[in-house]
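Just below is one structure, and these are the notes that go with it.
The figures that follow rest on heavy atoms only: side chains count, while hydrogens, waters and symmetry mates do not.
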Amino acid sequence: MIRFVRNINLLFDKINKNVHLQFRGETLILLRGQSMPFSFLSYIFVSKDYFESGQLTDSIFAHEQAHVRGRHTWDNLLIEALLVPFWFHPGLYLARQAIKLNHEFIADDAALHVTPLDQYKSFLLAMMLPDQNQAWSAALIFTSPKKRFEMMKRRTANSAKWIMILSLIPVLVALVYVFSEKVTAIGEKKERIG
């Protein structure tokens, strides 16, 4: 609990003590010193030197913007808050890892809309630093790049998606027909006396 509150306070201190800048519809927090870009709530944190030297590329910005617009911080805060009383539950640790990995897949997909795959991979590899770790922020580099690179290769064409969806319709119709049962009601005939 102490670590949870302390880390949130550190992030709010960074928000309050650093320069705010509106950039392409998002609020950037310009940090002193070296720091990898990351997001928390509706803020994108970037090193001031990094921003001023023009190293904030469209793909990195799109990645962090996807975290902000997808409200990924709230998912991270929820799972971390659950870990405070249920620290002993191994399923929560697995859920935390799966949620963060899913967030990265979503943000990588947004970045790939503005940057070719090979160029984006180069950005990711160039930015990897072992000492950069933000507990509840959505950082550009979170997990093993191998899983993320594999997922980036799996981009399916829209036509292939539609073919798969349309091929399910006959299967669903057949299932409804096979499992439907015709029931006929048999009523009793009452004779009128009288």
Side-chain angles (χ1 to χ4, degrees), residues 3-81 83 93 95-153:
R3 183 179 55 86
F4 180 76
V5 172
R6 182 185 55 113
N7 286 336
I8 290 180
N9 282 337
L10 287 173
L11 286 167
F12 279 111
D13 281 347
K14 286 184 179 187
I15 292 169
N16 294 329
K17 294 180 179 177
N18 289 291
V19 176
H20 294 216
L21 175 72
Q22 289 298 317
F23 181 74
R24 298 184 191 169
E26 301 297 338
T27 304
L28 297 184
I29 306 295
L30 301 179
L31 302 174
R32 293 178 219 103
Q34 295 297 322
S35 175
M36 191 170 51
F38 66 94
S39 60
F40 180 74
L41 297 174
S42 61
Y43 302 103
I44 297 174
F45 295 79
V46 181
S47 167
K48 185 176 181 181
D49 296 335
Y50 186 83
F51 179 75
E52 289 175 348
S53 65
Q55 293 179 346
L56 182 63
T57 62
D58 290 340
S59 60
I60 294 170
F61 181 76
H63 181 102
E64 294 306 328
Q65 189 177 44
H67 284 308
V68 169
R69 294 197 174 167
R71 302 177 190 272
H72 295 169
T73 302
W74 293 108
D75 296 336
N76 294 336
L77 285 173
L78 174 65
I79 198 78
E80 291 294 334
L83 279 168
Y93 292 96
R96 176 175 65 179
Q97 185 176 358
I99 288 169
K100 287 187 176 185
L101 189 58
N102 189 46
H103 289 167
E104 292 305 313
F105 290 155
I106 292 168
D108 286 340
D109 186 55
L112 289 172
H113 282 86
V114 297
T115 304
L117 177 62
D118 292 335
Q119 187 178 1
Y120 185 62
K121 282 183 182 180
S122 298
F123 287 142
L124 289 180
L125 291 173
M127 293 185 68
M128 287 186 190
L129 299 172
D131 60 338
Q132 299 293 326
N133 186 11
Q134 301 294 332
W136 303 299
S137 62
L140 185 65
I141 305 302
F142 155 69
T143 185
S144 165
K146 183 178 178 184
K147 287 182 184 178
R148 290 174 63 185
F149 292 159
E150 287 173 3
M151 192 65 167
M152 288 178 208
K153 289 181 199 174

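- With rounding to the nearest 0.5 angstrom, the CZ atom of F51 is 9.0 Å from the CZ atom of F61.
- Not a single donor-acceptor pair under 3.5 Å links the side chain of D109 to the backbone N or O of F105.
- Residues satisfying the side chain to side chain donor-acceptor pair (under 3.5 Å) test with S42, not counting sequence neighbours, are none.
- Taking the six-membered ring for Trp and thresholds of 30 and 60 degrees, F45 and F38 have nearly parallel ring planes, at less than 30 degrees apart.
- Side-chain contact between L41 and F12: present, with at least one pair of heavy atoms (C-beta onward) separated by less than 4.5 Å.
- E64 places a side-chain N or O within 3.5 Å of a backbone atom of S39 that can act as its donor or acceptor partner.
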Report the C-alpha separation of N7 and R3 in whole Å, then their side-chain angles, then the decisive distance to 0.1 Å, and conclude whether the side-chain contact (heavy atoms from CB on, under 4.5 Å) test is met.
CA-CA 6 Å; N7 286 336; R3 183 179 55 86; 3.6 Å; yes

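- Every residue meeting the side-chain contact (heavy atoms from CB on, under 4.5 Å) condition with L78, not counting sequence neighbours, appears here in chain and number order: L82.
- Judged as a salt bridge (Lys or Arg N to Asp or Glu O under 4.0 Å), not a single pair has a partner in residues 42-56 (not counting sequence neighbours).
- L117 contributes atom CG, which lies 11.5 Å from atom OG of S59 (distance to the nearest 0.5 angstrom).
- A heavy-atom distance below 4.5 Å is found between the side chains of H67 and E104.
- Of the inter-residue distances, the one linking H72 atom NE2 with N76 atom CG reads 8.5 Å to the nearest 0.5 angstrom.
- In this structure D75 satisfies the side chain to side chain donor-acceptor pair (under 3.5 Å) test together with H103, sequence neighbours excluded.
- In this structure a side-chain-to-backbone donor-acceptor pair under 3.5 Å is present from N18 to K14.
- A heavy-atom distance below 4.5 Å is found between the side chains of I60 and T57.
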Which pairs would a plain distance check flag for residues 19-31, meaning a side-chain donor or acceptor within less than 3.5 Å of a matching protein atom at least two apart in sequence or in another chain?
residue, atom, partner, partner atom, Å
H20, NE2, I15, O, 2.6
Q22, NE2, T27, OG1, 2.8
R24, NH1, D58, OD1, 2.9
R24, NH2, D58, OD1, 3.0
E26, OE2, Q65, NE2, 3.2
E26, OE2, R69, NE, 2.9
E26, OE2, R69, NH2, 3.1

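- Applying the side-chain contact (heavy atoms from CB on, under 4.5 Å) rule to A110 yields the partners A66; only residues at least two apart in sequence or on another chain are considered.
- Residues Y120 and H63 are in side-chain contact: their nearest non-hydrogen atoms beyond the backbone lie under 4.5 Å apart.
- Looking at every heavy atom in both residues, A111 comes nearest to A62 through CA-CB, 4.1 Å.
- Looking at R96 and I99, their side chains never come closer than 4.5 Å, going by heavy atoms from C-beta outward.
- Side-chain N or O atoms of S53 include one that pairs as donor or acceptor with a backbone N or O of Y50 at under 3.5 Å.
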